[in-house]
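Since the structure comes first, as structure tokens, the remarks are kept for the end.
This chain uses plain numbering: 1 for the first residue, then up along the sequence.
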Amino acid sequence: MDQINPSTDAVGSSMENMKTHFEVQFHISRAGESKTIEEYWTLSNHENTARMRLKLEPQLYPNTHENASKLRDNATNHYDAKEIAEFDSTIKNVVVRDFLANDENSQLEEDLRLTIEAQSQQDVTLEKLLISQECELITLMTKVKGRIEVNQTLFTFIDLSPPGEDGSKHDFRFSINKIREVHLRKYNLRRSALEIFLIDQTSYFLNFTTKTRNKIFSKILSLQPPNILYGSGRSPAELLKTSGLTQKWMNREISNFEYLMYLNTIAGRSYNDLSQYPVFPWILADYTSDILDLTDPKSFRDLSKPIGVVNPKNEAEVRSKYDSFEDPSGAIPKFHYGTHYSNSAGVLHYLLRVEPFTSLHIELQSGRFDVADRQFHSIPQTWKLLMDNPNDVKELIPEFFYFPEFLKNMNKFDLGHLQITKEKVDDVILPSWATTPEEFIAIHRRALESEYVSQNLHHWIDLIFGYKQKGPKAVEALNVFYYCSYEGAVDLDKITKPVEREAVEGTIVGGLILSTASSLKFCQLEFNSFSMPLYRVGCKGVSSFYNRTLSSKNFYCEVESCASRADQGPEGYSQTDYEGMINNFGQVPSQLMREPHPRRLTQEETAVKLLRGELKRPDLTQFLDKVVQYYCEISTPKDPIVYLSPPRSPPRSFLQLSPDMLVSISKSCILGCHSWMSYDKERGFLLEIDATTTNLKNRKRIFGPLHPSQAPHSQMFAISTDGKLLYAGGIWDNSLRVYNLHKGKSIASVTRHLDIITCLALDNCGSYLVTGSRDCTCIIWSIQASHVYGGSGIAGSSSANVTSNIPVHALTSQTNLQSVMQLNSQNSFSPKPLTTLYGHDGAISSVAIYTELDMVVSGSLDGTVNVYTIQDGQFVRTLKPIGCTEFCVQISYVTVSYHVSDALDELEINTCSKI
């Protein structure tokens, strides 16, 4: 059986698995609680560096959609009452920085905070506004009208639309320094949008007009955001060519999953727009065997053919449809498929069980769930319908390879019963070779990284992103879709009347063509297939058919009525009918290649290049049998090593490369910067030892000095992701020190804690640092080179207090405040404090941070482990290690990590405790 690459395949199982690990490894402290509280979950928009969305967040106001179930079953309830769960008022939006025992100190902190906020608001008001432009915020299937306002330091979006039913608005604000990438995007096939990625792994999709988009793009780049990794007007094809990603994939330096996600991102696919959602291929053809053999080519789908003709029996029908199609008006070119491999309806079909997609599904279904037989309830059945019906051409979404929760009905929605078997639809039925959703994801991901897929994936890339996407080669490959799904087919900006423009956008209804009478027969064929999810997308006649069972005769009349209305032109439909139609069909990605995509090297070919020294960054985990251990002496027994950094820091973006460096710190604080030798013909890979560590004259030492009571240990140090800076705690003056690794000199010092810093941790993105102290608090720091760091939203922008030198937490006296101020030596390298976290009764002994999940974890000598959020500093829960019944338990180590097991990574919090 093929084995998955443990180093490149970070398959997340999100917050549900984290919740499971909490329950297995810890007792949650809930004094006096006897009954079980049902929890409801929604998907967070946080991503990791591989663009996996791993986090599920609890819903404070869950909606079980009971009325949607009753309407599906023709019940009589006329409104959908939201169930508002009761919760402790001390938990709602509690920022634990306010937990102070002394009322006077609490008032001092509040006065300081209000003063800082008022000054910050004045600074923002007085600062010159550089950009003010109306636009639309795109969130899945919703367009939020608003306006962006940008000055030298802050980017603000103001929601101008009416408040939602719950009073929510989509306002947000972030610092210019948080911008990581800015990409030119299309929206509704027009080059009018921008997608902005931030260093905290969040993103925003903004739509402008085609005339203003490029001006806004240029103005944002003219601000020169200090942390931007990509911002260029290059075309997607040029960006792919210059990125070197294809060569890395060919040389097996990145995984198949990573490469596909990178291609999707470069080609304009986005989690923020369901009509342009990332697309992944069906890769398996065996969903019935008890054991899946990944060494047998018969287990896999033919990746050289579109999904509609993977079954050879369908080729003749698809070809005949193309050859016989004629539009009397001559406006519509021939096509093979009236549906699309990626559209809003297909995404909602797969993600039915996960909020917020459940609510969007119900909204498209006129306030009800679709009938159970048309829902995604079985993977084997879905594959069978794809093979039997050439008109259903849905490919997969990335979640099939890392997110087992979308296969579970965790929120216990009433999804109905199948008509024939009367079986209740609940969790998705899995193939025989998988017993749990986690096992399915693990095996499915292993299949994606298998040798067969590695050697054939380039054929599928040619169909979706490459030279077979359009033109004569697409016709030859039976890969032509309805013309309005291609960019440039219609110049929408030349259509001046809004109704007419929406009519052109709406010629596609949920993937079913309703534009001319000549396509009527084709429509009937599409509808009668019953193999794809059917949604209301503007056509009222079709909507009424979707929501009740009709005979074929009545169904034909419904479609004929819709088609006749379409033949009447824009006047046949109202503006409401056309609104959002194109979003429900989908769009072809930007074409990235006009030549055949090269294939990936086999493992044997890669091994040969490895031995020749022709690979710059080989993935050694694929050649573990060829790895040889070398022992390198970099210290002496009298001065042992207390800290070693990883040899390669993870990049914050697929467009960034990080250096290969190993940093060591000895017990006497001697600093060594060792580099990897790429290749030696006689001995292979070598570690080049820093010669200064043995030179008494030139050796680099960390001068603090450290507090006498604080012995150096590994948790007191961290290295920046660019390998240039060292962050150190344990200093006598309670400060956080920043050192230049090349020179070994202190370049910044910031004091915010009231006692010695005992531990610190850096996140994988290189964006945030968390420190723990003997003062029983933790502080989250921004470590970007900035003087102002905005909050994540307007409502939560109280984090603007980081623009001041005043500590976030309240001090005991004004004298202490002045003394702390005098100890600071601040500059552009100085970390900026964001939030102080309270909640421990003992000194902090270990900390961990994970930006992708918006999570900080701290362990204390009081024996507790606390979990917080990064953005709001909100306390989540307290954990206590299972099995520790002694009176005195101390947490000595805590980390948030991925646990690799059979290609399935499970998020867990590991601790070490001592009694």
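- T869 and Q874 are not linked by any side-chain donor-acceptor pair at a separation below 3.5 angstrom, with hydrogens and angles left out of the test.
- Counting only distance, with no hydrogens or angles, the side chain of R701 and the backbone of S668 share a donor-acceptor pair below 3.5 Å.
- Between the side chain of T758 and the main chain of I844, a donor-acceptor pair closer than 3.5 Å is present.
- When atom types are taken as modelled, the side chain of E258 and the backbone of S255 share a donor-acceptor pair closer than 3.5 angstrom.
- Annotation: the span from H840 atom NE2 to S845 atom OG amounts to 8.0 Å, rounded to 0.5 Å.
- L741 places a side-chain heavy atom less than 4.5 Å from the side chain of I719.
- Formation of a donor-acceptor pair under 3.5 Å by the S666 side chain with backbone atoms of P640 is not found in this model.
- Between V738 and F829, the shortest heavy-atom distance links the atoms CG2-O, 3.9 Å.
- Atoms CG and OG1, from N45 and T202 in turn, are 6.5 Å apart once rounded to the nearest 0.5 Å.
- Relative to the ring axis of Y271, R53 places its NZ or CZ within 45° and under 6.0 Å from the centre.
- Side-chain atoms of N227 never come within 3.5 Å of backbone atoms of I179 as a donor-acceptor pair (strictly under, hydrogens ignored).
- No side-chain heavy atom of I757 sits less than 4.5 Å from a side-chain heavy atom of N734.
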Margin query: If you apply the rule side chain to side chain contact (heavy atoms under 4.5 Å, CB included), what do you find for I731 with L706, and how did you get there?
Written below: CA-CA 4 Å; I731 310 299; L706 299 183; 3.8 Å; yes
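- Taking the side chain as every heavy atom from C-beta outward, K178 and P225 never approach each other to under 4.5 Å.
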Margin query: Let's go through F400 and F406 carefully: what are the C-alpha distance in whole Å and the side-chain angles of both, what is the deciding distance for ring pair (Phe, Tyr, Trp, His ring centres under 6.0 Å) to 0.1 Å, and is it a yes or a no?
Written below: CA-CA 8 Å; F400 271 85; F406 90 99; 4.8 Å; yes
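- To the nearest 0.5 Å, atom CD1 of residue I870 and atom OG1 of residue T835 are 10.0 Å apart.
- W781 has its side chain within reach of T771: a pair of non-hydrogen atoms, C-beta onward, lies under 4.5 Å apart.
- Side chain to side chain, D841 and S860 fail the donor-acceptor criterion of an N or O pair below 3.5 Å.
- Of all heavy-atom pairs spanning A843 and C776, the tightest one is N-SG, 4.0 Å.
- Between P831 and Y727, the closest heavy-atom pair is CG-CE2, 4.0 Å.
- Stacking of R445 on the aromatic ring of F257 is recorded, both the 6.0 Å distance cut-off and the 45° axial limit being met.
- Between the CH2 atom of W41 and the CD atom of Q59 there is a distance of 10.0 Å, given to the nearest 0.5 Å.
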Next item on the list: Let me see the working for M410 and E405 under side chain to side chain contact (heavy atoms under 4.5 Å, CB included), right down to the final yes or no.
Entry: CA-CA 8 Å; M410 295 184 300; E405 284 74 21; 3.8 Å; yes
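- By the 4.5 Å heavy-atom criterion applied to side chains, I670 and D639 are counted as neighbours.
- Counting all heavy atoms, side chain and backbone alike, S720 lies closest to L762 at CA-CD2, 3.9 Å.
- Ring geometry, F401 versus H444: the interplanar angle falls under 30°, so the pair is classed parallel (tilted spans 30 to 60°).
- Residues Q710 and M716 form a side-chain contact, since some pair of their non-hydrogen atoms from C-beta on lies under 4.5 Å apart.
- Here the side chain of S773 pairs a donor or acceptor atom with the backbone of I756 at under 3.5 angstrom.
- Inter-residue side-chain proximity for S858 and Y868 is flagged as met; some heavy-atom pair is nearer than 4.5 Å.
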Note to self: As a quick check of understanding, evaluate side-chain hydrogen bond (donor to acceptor under 3.5 Å, both in side chains) for R737 and S749, giving each step before the final call.
What the structure shows: CA-CA 5 Å; R737 293 286 178 91; S749 176; 3.1 Å; yes
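- A donor-acceptor contact closer than 3.5 angstrom links the side chains of H753 and D775.
- Remark: the backbone N or O of T751 is not paired with any side-chain donor or acceptor of S735 at under 3.5 angstrom.
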Checklist line | Audit row: E438, I441, side chain to side chain contact (heavy atoms under 4.5 Å, CB included) steps and yes/no | finding: CA-CA 5 Å; E438 288 76 15; I441 296 296; 6.0 Å; no
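- Here the closest heavy-atom approach between residue Q201 and residue N48 is recorded as NE2-O, 3.1 Å.
- With values rounded to the nearest 0.5 angstrom, M855 atom CE is found 12.0 Å from D763 atom CG.
- Summarising the geometry of Y40 relative to N411, their closest heavy-atom pair is CA-OD1, 3.3 Å, with the distance given to 0.1 Å.
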Next item on the list: Could you give me the CA-CA distance, side-chain angles and deciding distance for Y204 and F174, then say whether ring pair (Phe, Tyr, Trp, His ring centres under 6.0 Å) is met?
Entry: CA-CA 11 Å; Y204 298 98; F174 55 81; 5.7 Å; yes
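- Under the 3.5 Å distance criterion, with hydrogens and angles disregarded, no donor-acceptor pair is assigned to the side chains of D200 and T851.
- Using a distance-only test at 3.5 Å, with no hydrogens or angles considered, a donor-acceptor pair links the side chain of K55 to the main chain of L853.
- Under 4.0 Å is where a charged nitrogen must lie from a carboxylate oxygen, and between R51 and E852 no such pair does.
- Considering only heavy atoms from C-beta on, L198 stays 4.5 Å or farther from S203 through its side chain.
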Checklist line | Pair E181-I228, side chain to side chain contact (heavy atoms under 4.5 Å, CB included): steps then yes or no | finding: CA-CA 6 Å; E181 297 172 24; I228 193 168; 5.7 Å; no
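- Not one N or O on the side chain of N866 forms a donor-acceptor pair closer than 3.5 Å with the backbone of G859.
- The CD1 atom of I849 sits 7.5 Å away from the CG atom of L769 when rounded to the nearest 0.5 Å.
- N740 places no side-chain N or O within 3.5 Å of a backbone atom of K745 that could act as its donor or acceptor partner.
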